[in-house]
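Report on the structure given below.
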Amino acid sequence: EGAGWNARFDQQTGRPHRAWGPGIDLGSTKTIEEVELGLRRFLERNPGLTSIPMEQLVLHNAGYVERSDTWYVEFQQRVGPSLVPVWRSHVTARIRFGKLILFGVNTYPDATGVGTTPEIAPETAVEVAIDLGPEPFNNHDVESVDLVLLPEETVNGIRNRLSWEVRSRTKDPVGIWISHIDAQNADLINVYNEVRYASGTVHGTHDARTVNGDLDTSPLPFARIESDGDRTNSNEYGEWEL
């Protein structure tokens with residue numbers, strides 16, 4: 001089983017980040033229940049792929065494309081009695097014509113023994129996320145506050161920290177802020193903006209207006225810049241941001 005497969009391994013966790021190869025038969029895959037059963041049996045036969053108890057894997061997403069008879073499936077790692085999700089952990093798989101042709105593993109075996117009872121309230125986490133974040137004086141629309149186990153890279157390996165994940169929005173600047181607050185001591189561990197920005201300088205090649213026909217390249221002021229969802233103009237130096 002697995003002869004002829006290739007794999008790329010995660011340097012920190014030792015798990016196969018992506019593996020692909022000749023199809024491995026999972027049995028009948030007419031329904032998502034059959035697909036899940038086939039995948040679980042495959043992982044049980046190969047426990048070293050995830051190195052976590054099977055009960056920590058919860059079906060998170062599944063989709064089926066009929067024209068190619070392809071299933072796309074994702075399990076999420078959850079730990080503790082309350083099944084706290086491990087941030088961005090997953091086992092993902094692609095099944096075609098009833099056979100497993102690709103999978104990826106991003107699990108954290110050391111997360112098993114971490115406590116999942118918070119010491120601080122979610123309201124406190126929201127206050128810390130806003131006050132210590134990059135937009136403390138802005139109006140934040142708080143969308144969610146959820147417990148997650150956050151794997152943190154350290155010089156000694158992966159450290160799993162129970163944290164509150166606070167999701168909030170601002171209008172100016174446009175931001176979807178994801179903040180992680182340590183659920184034991186209220187430290188701001190990390191914050192990032194899910195809204196991505198692009199910037200640059202527009203240049204144009206033009207006639208140098210001399211008798212020899214030479215061309216020059218210069219920044220273009222007030223040029224119109226567009227993306228699928230936004231538009232702007234470059235400034236007098238040809239600089240722009242979206």
Side-chain angles (χ1 to χ4, degrees), residues 1-66 68-116 146-163 165 178 180 183 189-190 192:
E1 183 171 70
W5 274 60
N6 296 283
R8 292 177 179 170
F9 286 85
D10 184 292
Q11 186 175 350
Q12 285 288 340
T13 67
R15 309 274 76 78
H17 174 69
R18 286 294 181 271
W20 64 97
I24 296 174
D25 192 0
L26 296 182
S28 178
T29 56
K30 294 180 180 179
T31 66
I32 183 55
E33 290 79 14
E34 291 178 337
V35 170
E36 181 178 2
L37 179 61
L39 282 172
R40 287 188 179 276
R41 286 175 173 171
F42 167 74
L43 294 173
E44 286 170 353
R45 294 195 303 269
N46 300 278
L49 293 177
T50 66
S51 297
I52 63 173
M54 286 300 298
E55 58 266 24
Q56 287 188 6
L57 290 179
V58 177
L59 185 63
H60 184 61
N61 276 315
Y64 178 66
V65 180
E66 185 176 4
S68 61
D69 191 17
T70 304
W71 284 95
Y72 298 86
V73 183
E74 182 179 298
F75 293 93
Q76 187 179 56
Q77 183 185 1
R78 300 193 173 202
V79 297
S82 53
L83 296 178
V84 175
V86 181
W87 187 74
R88 290 188 177 178
S89 65
H90 64 259
V91 173
T92 183
R94 187 179 302 175
I95 301 103
R96 192 172 190 191
F97 304 130
K99 295 184 177 182
L100 179 66
I101 60 171
L102 179 146
F103 68 86
V105 178
N106 189 38
T107 55
Y108 296 88
D110 292 340
T112 301
V114 179
T116 56
D146 300 300
L147 270 181
V148 300
L149 209 61
L150 183 69
E152 182 184 25
E153 243 181 65
T154 71
V155 292
N156 297 318
I158 299 293
R159 174 191 179 191
N160 295 285
R161 299 176 70 174
L162 184 66
S163 69
E165 183 179 84
I178 310 299
H180 289 103
I189 304 172
N190 181 50
Y192 62 93

One pair to check against side-chain contact (heavy atoms from CB on, under 4.5 Å): Leu147 and Leu162. What are the steps and the verdict?
CA-CA 7 Å; Leu147 270 181; Leu162 184 66; 4.0 Å; yes
Criterion side-chain contact (heavy atoms from CB on, under 4.5 Å) on Leu59 and Val73, from CA distance to verdict
CA-CA 8 Å; Leu59 185 63; Val73 183; 3.6 Å; yes
Under the side-chain contact (heavy atoms from CB on, under 4.5 Å) criterion, do Arg8 and Trp20 qualify, and how do the steps go?
CA-CA 9 Å; Arg8 292 177 179 170; Trp20 64 97; 3.8 Å; yes
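In this structure, the separation between OG1 on Thr92 and CG on Leu102 is 7.5 Å, given to the nearest 0.5 Å. Between the CD1 atom of Ile158 and the CD atom of Glu153 there is a distance of 5.0 Å, given to the nearest 0.5 Å. In this structure, the separation between CZ on Arg41 and CZ on Arg45 is 9.0 Å, given to the nearest 0.5 Å. Note: Ser89 OG to Arg15 CZ = 12.5 Å, rounded to the nearest 0.5 Å. Gln77 CD to Leu57 CG: the interatomic distance, rounded to the nearest 0.5 Å, is 7.0 Å. For the atom pair Ile24 CD1 and Ile95 CD1, the distance stands at 11.0 Å (nearest 0.5 Å).
No side-chain heavy atom of Phe75 sits under 4.5 Å from any side-chain heavy atom of His60. Under the 4.5 Å side-chain criterion, counting only non-hydrogen atoms from C-beta, Val79 is not in contact with Val114. His180 has its side chain within reach of Val148: a pair of non-hydrogen atoms, C-beta onward, lies under 4.5 Å apart. Two residues are said to be in side-chain contact when any heavy atoms from C-beta on lie closer than 4.5 Å; Thr116 and Pro81 meet this criterion.
Crowding of Gln11 atom CD: a count of heavy atoms from other residues, nucleotides or ligands under 6.0 Å not exceeding 12.
Between the side chains of Ser28 and Glu34, a donor-acceptor pair is found at a separation under 3.5 Å.
Listed for the Arg96 side chain is a donor-acceptor partner under 3.5 Å among the backbone atoms of Ser68. Side chain of Asn106 to main chain of Arg88: a donor-acceptor pair is present (N/O by atom type, distance under 3.5 Å, no hydrogens or angles). Asn46 places no side-chain N or O within 3.5 Å of a backbone atom of Leu49 that could act as its donor or acceptor partner.
Of all heavy-atom pairs spanning Pro22 and Gly4, the tightest one is CD-O, 3.4 Å. Shortest non-hydrogen contact noted between Leu149 and Ala111 is CD2-CB, 3.5 Å. The two atoms that bring Pro151 and Val86 nearest to each other are CG-CG1, 3.8 Å, heavy atoms only. Counting all heavy atoms, side chain and backbone alike, Asp25 lies closest to Gly98 at OD1-O, 3.6 Å. Minimum heavy-atom separation, Ala93 to Leu39: CB-CD2, 3.8 Å. Contact between Ser51 and Pro109 at its shortest, heavy atoms only, is O-CB, 3.4 Å.
Taking the ring centroids of Phe103 and Trp5, they lie under the 6.0 Å cut-off.
Screening Leu26, Thr29, Leu100 for a side chain to side chain contact (heavy atoms under 4.5 Å, CB included) with Val35, the sole residue that qualifies is Thr29.
A tilted orientation is assigned to the rings of Trp71 and Tyr64, their planes being inclined by 30° to 60°.
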